[in-house]
Amino acid sequence: MSYRGPRGTYDVFPGGREPYERAELWTFVEARAREVMARHNYSEIRTPIFEEIELFARTAGEASDIVVQKEMFSFRDKGEREMALRPEGTPGAVRAYIEHNLYKLAQPIKLFYVGPMFRQERQQRGRYRQHTQIGVEVLGTSDPLVDAEVISLLYSIHQAVGVEDEVVYLNNIGDMETRSIYAPELRAYLQKHVGELDSDSVARMDTNPLRTFDSKHENTQAVLAGAPRISAYLSREAADHVATVREGLDALGVPHEMDEGLVRGFDYYTMTVFEAKSGALGAQDTVGAGGRYNGLISDLGGPDVGGIGFGSGVERMLLAAASQEARVSLDVFFVTLAPEARILAMKLAGALREEGISADLDYGGRGMRAQFKQADRTGASYAVILGEDELARSDCTVRDMASGEELAVPVADGAKDLIRTVAR
RNA sequence: GUGGCCGUAGCUCAGUAGGUAGAGCAUCGGAUUGUGGCUCCGAAGGUCGCGGGUUCGAGUCCCGUCGGUCACCCCA
């Protein structure tokens, strides 16, 4: 074996074993997701898959692991600029929003994107170095009902593609000010229990104490069970915000659960954070997640308006969806039994295709049995036989592959009769 | 980046106390010289991930390396 795909990547091809390797499923998921987006009046945005590294560093936060642990695929271009392949979709979308003055248009702007994201991490089930996210950003408003719409949109897409055993978790982590009061309190509490925490949490306690809630260690979680709750520190405004989000979710019929331990990896989140998990996945059980980011747009040089978005992993959606049998089927397969018949088959196939009827033929010069086997495997509805007998009579034999019934159809004056016979 | 497990035919795997490789499925051909899904017969297909070492001899033992996988970290 000389060449392999890069570590942590995969190919999409006919006959792929894993659901995310199967081309038909990608076509299916993207089409369904686009339908749902369109019904919610979202427009597509396409931004580059690389940006200045600074943009990602600013948005993710200096303390985030994407930056600290060097999880970005970065490179220097020929002009000595530090660039990086995008680890997430929000920064590029927000940058474009500001760069093209989209805040001057009627607000909010409702955007969606589909595309590859990159993170230099060790691969495991549901986590790849290049993965694809379907994401959404609503920019220019802080209306809590928008939060509800965005969460419901995430849920609807998952429903549309068949994600199983899903639960949507919701939390409100307040604004920056609330957190600046809460964080020291939490830190002080954790300090008292330092001996019971795992080493990762101890390290994180100082830089970003909220993140200790993400820990999977039992002891740490036991300590956190007695920790001060952020809900007790929320301002009146923040408390109202969550309440309205929940009302909106109820109105839209989106089942959800509050989870006070839900914090997210990006520092820019404010107020609403949410996560959709599926029990059908392994350790990487988050199918899609997101949150509100009210300070981010102004931080990047735009107006002081709110925004909210989510990213949902297509690979994880496919893994969490019931095995879809998206069989590609063919209308007509030509079986040719004489060399001269092959040209006629091509001509007829061309005519059928122009009428929107799918057609294929044998290119291997193989025996009849092999050709019928292929007609069967491709799921063809009809096999059209062109042999010496047919050539002599200027007709073709149309075989219904399901019933086995056969019919002679004239082809002397073109494919007209064949089209009529085979069209449904 | 850390750790466990694993790398033998296209796929799933077997390979017994070290004696230079097998099965099932898939593919191709035939039984059926004009007919698929079932059955039967046959063929093709492998530098046993790669590199070293031990040995008369290594798929099998040892070391290294690369890759895969799952988990941690983190995250979609």
Side-chain angles (χ1 to χ4, degrees), chain A residues 1-10 15-18 20 60 64-72 86-90 114-135 154 157-158 163 198-201 203-204 208 211 214-217 263-266 275-278 281-290 309-320 333 335-338 341 364 366-380 382-391 397-406:
Chain A
M1 171 84 57
S2 45
Y3 291 104
R4 297 175 200 254
R7 184 165 223 180
T9 64
Y10 57 89
R17 279 190 122 52
E18 297 288 354
Y20 55 80
S64 84
D65 295 85
I66 287 186
V67 176
V68 177
Q69 309 284 350
K70 307 255 189 298
E71 285 172 5
M72 269 194 276
R86 62 183 183 194
E88 50 150 343
T90 303
V114 180
M117 304 296 163
F118 305 83
R119 276 173 219 167
Q120 193 152 176
E121 302 175 292
R122 186 89 148 234
Q123 158 171 15
Q124 75 186 73
R125 189 154 194 83
R127 188 176 69 189
Y128 310 93
R129 290 188 163 190
Q130 173 175 338
H131 72 280
T132 305
Q133 284 186 31
I134 292 177
L154 174 64
I157 291 171
H158 291 172
V163 170
D198 63 280
S199 55
D200 285 318
S201 295
R204 201 174 283 150
N208 196 344
R211 296 303 306 288
D214 277 338
S215 174
K216 288 180 181 173
H217 288 80
V263 292
R264 303 280 318 145
F266 299 127
E275 207 164 75
K277 293 189 180 221
S278 167
L281 296 177
Q284 307 302 321
D285 59 356
T286 300
V287 186
F310 69 71
S312 188
V314 177
E315 295 81 1
R316 290 185 185 177
M317 286 189 242
L318 290 172
L319 286 169
F333 189 90
V335 173
T336 54
L337 303 174
R366 292 181 299 174
M368 181 179 50
R369 175 188 163 81
Q371 293 189 52
F372 269 99
K373 273 188 103 166
Q374 184 163 356
D376 190 44
R377 271 193 311 243
T378 54
Y382 298 97
V384 173
I385 305 144
L386 291 167
E388 312 222 331
D389 298 350
E390 285 83 359
L391 289 177
T397 302
V398 177
R399 179 184 175 87
D400 182 318
M401 291 298 280
S403 68
E405 281 172 40
E406 298 192 350

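Note on naming: letters A, B, ... go to the chains in the order of the sequence lines (proteins, then strands), and numbering restarts at 1 for each one.
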Legend entry - Any strand: nucleotide that pairs with B:U16 via Watson-Crick or wobble, under 3.5 Å: none

Legend entry - A:Pro6 side chain reached by A:Arg129 side chain, heavy atoms, under 4.5 Å: no

Inset, instruction - For B:C70, take OP1 and OP2 only and decide whether either is under 4.0 Å from a side-chain N or O of A:Gln124. - result: no

Inset, instruction - Using a 4.0 Å heavy-atom cut-off across all strands, classify A:Ala375 as base, sugar-phosphate, or nothing. - result: nothing

Inset, instruction - Over 60° means perpendicular and under 30° means parallel, so classify the ring planes of A:Tyr20 and A:Tyr128, tilted if in between. - result: tilted

Inset, instruction - Go through B:C73, B:G34, B:C75 for me and flag the one nearest to the A:Asp214 side chain. - result: B:C75

Legend entry - Nucleotide nearest A:Ala370 when distance is taken to its side chain, options B:C70, B:C73, B:G29: B:G29

Inset, instruction - Evaluate the side-chain proximity of A:His131 to A:Val314: yes if any heavy-atom separation is below 4.5 Å, no if none is. - result: no

Inset, instruction - Tell whether A:Arg127 reaches the base of B:A76 with its side chain through a donor-acceptor pair below 3.5 angstrom. - result: no

Inset, instruction - Check every strand shown and say whether A:Gly135 touches a base, only sugar-phosphate, or nothing at a heavy-atom separation below 4.0 Å. - result: nothing

Legend entry - Atom-pair distance (CE on A:Met72; P on B:A76), nearest Å: 14 Å

Legend entry - Spacing of the P atoms in B:U12 and B:G3 (rounded, Å): 27 Å

Inset, instruction - Tell which nucleotide pairs with B:A44, taking only Watson-Crick or G-U wobble pairs whose two distances are both under 3.5 angstrom. - result: none

Legend entry - Shortest side-chain distance from A:Arg377, nucleotide among B:G37, B:U69, B:U27: B:U27

Legend entry - Per A:Ile385 side chain, nearest of listed nucleotides B:A76, B:U35, B:G29: B:U35

Inset, instruction - Look up atom CD in A:Gln374 and atom CD in A:Gln371, then write down how far apart they are to the nearest 0.5 Å. - result: 8.0 Å

Inset, instruction - Could you work out the separation of B:C75 and B:G67 based on their C1' atoms and round it to a whole Å? - result: 24 Å

Inset, instruction - Look at all strands and tell whether A:Arg17 reaches a base, only sugar-phosphate, or nothing, counting heavy atoms closer than 4.0 Å. - result: sugar-phosphate

Inset, instruction - Using atom CZ of A:Arg366 as one end and atom C1' of B:G30 as the other, report the distance to the nearest whole Å. - result: 15 Å

Legend entry - Among B:U35, B:G34, B:A76, the nucleotide that comes nearest once only the side chain of A:Thr286 is considered: B:A76

Inset, instruction - Please evaluate the base of B:C75 for a donor-acceptor partner in the side chain of A:Arg316 within a cut-off of under 3.5 Å? - result: yes

Inset, instruction - Give A:Gln374 one of three labels, base, sugar-phosphate or nothing, depending on what nucleic acid heavy atoms sit under 4.0 Å from its own. - result: nothing

Inset, instruction - May I ask you to say what A:Met368 touches in the nucleic acid, namely base, sugar-phosphate or nothing, with a heavy-atom cut-off under 4.0 Å? - result: sugar-phosphate

Inset, instruction - May I ask you to say what A:Ala383 touches in the nucleic acid, namely base, sugar-phosphate or nothing, with a heavy-atom cut-off under 4.0 Å? - result: nothing

Inset, instruction - Could you please name the partner base of B:A21, counting Watson-Crick and G-U wobble pairs only when both distances are under 3.5 Å? - result: none

Legend entry - Sub-4.5 Å side-chain heavy-atom contact between A:Arg127 and A:Arg316: yes

Inset, instruction - Please state the C1' separation for the pair B:U65 and B:C28 - nearest whole angstrom. - result: 38 Å

Inset, instruction - Supply the atom-to-atom distance A:Glu405 CD to A:Tyr382 OH, rounded to the nearest 0.5 angstrom. - result: 9.5 Å

Inset, instruction - Give the rounded distance in Å between these two atoms: NZ of A:Lys373 and C1' of B:C38. - result: 11 Å

Legend entry - Distance, P atom - from B:G49 to B:A43, rounded to whole angstrom: 27 Å

Legend entry - For atom CZ of A:Arg122 and atom P of B:U69, their distance in whole Å: 11 Å

Inset, instruction - Rounded to the nearest angstrom, tell me the gap between atom NZ in A:Lys216 and atom P in B:C70. - result: 14 Å

Inset, instruction - Provide the Watson-Crick or G-U wobble partner of B:C72, both distances under 3.5 Å; none if there is no partner. - result: B:G1

Legend entry - For B:A58, the Watson-Crick or wobble counterpart (both distances under 3.5 Å): none

Legend entry - Nearest-angstrom distance, P atom, B:C5 to B:U47: 29 Å

Inset, instruction - Using a cut-off of strictly less than 4.0 Å, decide whether A:Arg7 has a side-chain nitrogen or oxygen near OP1 or OP2 of B:G68. - result: yes

Legend entry - Gap in Å between the two P atoms, one belonging to B:C6 and one to B:A14, rounded: 11 Å

Inset, instruction - Please determine, for B:G34, whether a Watson-Crick or G-U wobble partner exists with both distances under 3.5 Å, and give it or none. - result: none

Inset, instruction - For A:Ala289 and for A:Glu18, locate the closest nucleotide of RNA chain B by heavy-atom distance; then report the residue assigned to the nucleotide nearer the 5' terminus. - result: A:Glu18

Inset, instruction - Measure the spacing between CD1 of A:Ile134 and CE of A:Met317 and express it to the nearest 0.5 Å. - result: 4.0 Å

Inset, instruction - Could you tell me whether A:Tyr128 contacts a base, only the sugar-phosphate backbone, or nothing, with contacts defined as non-hydrogen atoms closer than 4.0 Å? - result: base

Legend entry - Span that lies between the P atom of B:A76 and that of B:G64, in whole angstrom: 37 Å

Legend entry - Nearest-Å distance for atom pair CD/P, residues A:Gln371 and B:G36: 12 Å

Inset, instruction - Would you mind classifying the nucleic acid contact of A:Glu390 as base, sugar-phosphate or nothing, using non-hydrogen atoms under 4.0 angstrom? - result: base

Legend entry - Gap separating the CD atom of A:Glu71 from the CZ atom of A:Arg119, nearest 0.5 angstrom: 8.0 Å

Inset, instruction - With the side chain of A:Asp389 defined as its heavy atoms from C-beta on, choose the nearest nucleotide among B:G34, B:C73, B:G36. - result: B:G34

Legend entry - Residue mapping more 5' on RNA chain B - nearest nucleotide basis, A:Leu337 or A:Gln123: A:Leu337

Inset, instruction - Taking only the side-chain heavy atoms of A:Arg369 (C-beta and beyond), determine which of B:A76, B:A31, B:A71 contains the nearest atom. - result: B:A31

Inset, instruction - Specify the separation, in whole Å, of atom CG of A:Asp376 and atom P of B:G37. - result: 7 Å

Legend entry - Euclidean distance for C1', B:A17 against B:C66 (whole angstrom): 31 Å

Inset, instruction - To the nearest 0.5 Å, tell me how far A:Arg122 CZ sits from A:Arg7 CZ. - result: 5.0 Å

Legend entry - Gap between atoms CG and C1', on A:Asp198 and B:G3 respectively (whole Å): 16 Å

